[in-house]
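Below you'll find the structure, written out as structure tokens, and then a few comments.
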Amino acid sequence: MKRIVVATDGSAGAREALEQGLELAAELDCEVSVAFVRHAPSGFLGAPYYQDVVTEEAQHARAVIADARVYAERFDIEPDYEVLEGDPAEAILDFAEARDADLIVVGSRGLGRVAGAVLGSVSKDIVHRADRPVLVAKARVAVAAR
């Protein structure tokens, strides 16, 4: 394995994806690309509101990437980072193809079947559309000692 793409959005599920993706990359000594996807704001907002949304999204992206850097330092890995724009699943799939990734790692928000069906699921969409392996990282459950 040469490259892993890890998708992050700053959520708890994405932090688990970072943790598992970086751990795997460290074990396999492969390169990592970390991607954050921001939504393109609607042009209907008008000039002052549009700029506010763009500024807010940029600040959030910087914070998520800064968080990812902290995780990477723990594994002594230097990923490349990319802020993408558009539909999250489509952007991640295109990014993985462009980077010739061997694996995509995404988090799961654990919405459940009903909420996932109503709200949609980026991880589910990626799994169904990907042309390469996808690891959906879920929070690890601590096992109590007996």
Please say yes or no: joined through hydrophobic side-chain contacts below 4.5 Å, possibly via intermediate residues, are [X] and [Y] part of one cluster?
| X | Y | value |
| --- | --- | --- |
| V83 | V37 | no |
| V136 | I126 | yes |
| V6 | I65 | yes |
| V32 | V5 | no |
| I4 | I104 | no |

State, to 0.1 Å, how close [X] and [Y] come at their nearest heavy-atom pair, and which atoms those are.
| X | Y | result |
| --- | --- | --- |
| A91 | L84 | O-CD1, 3.7 Å |
| A137 | A17 | CB-CA, 3.6 Å |
| D9 | A14 | OD1-CB, 3.3 Å |
| V106 | S123 | CG2-CB, 3.6 Å |

How many angstroms lie between atom [atom1] of [X] and atom [atom2] of [Y], to the nearest 0.5 angstrom?
| X | Y | atom1 | atom2 | result |
| --- | --- | --- | --- | --- |
| I92 | S33 | CD1 | OG | 10.5 Å |
| L18 | E16 | CG | CD | 9.5 Å |
| E78 | E31 | CD | CD | 11.0 Å |
| F36 | E57 | CZ | CD | 5.5 Å |
| L28 | K2 | CG | NZ | 13.5 Å |
| R132 | L93 | CZ | CG | 8.0 Å |

Within the 4.5 Å heavy-atom criterion, are [X] and [Y] side-chain neighbours or not?
| X | Y | answer |
| --- | --- | --- |
| L22 | P79 | yes |
| R99 | E82 | yes |
| L24 | L103 | yes |

Problem set entry | Ionic contact status for R74 with E19, cut-off 4.0 Å |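 Judged by the 4.0 Å cut-off on N to carboxylate O distance, E19 and R74 do form a salt bridge.
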Exercise. Looking at D100 and R3, does any basic side-chain N land under 4.0 Å from a carboxylate oxygen?
Worked result: no
Exercise. Counting N and O atoms only, with roles assigned by atom type, does the side chain of R38 sit under 3.5 Å from a partner on the main chain of G86, one being a donor and the other an acceptor?
Worked result: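 No, R38 side chain to G86 backbone: no donor-acceptor pair under 3.5 Å.
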For this session: Ignoring hydrogens and angles, tell me if any N or O in the side chain of Q20 forms a donor-acceptor pair with the backbone of K138 under 3.5 Å.
Result: yes
Exercise. Any cation-pi pair here, R69 with Y81, using under 6.0 Å and within 45°?
Worked result: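 Yes, R69 and Y81 form such a contact.
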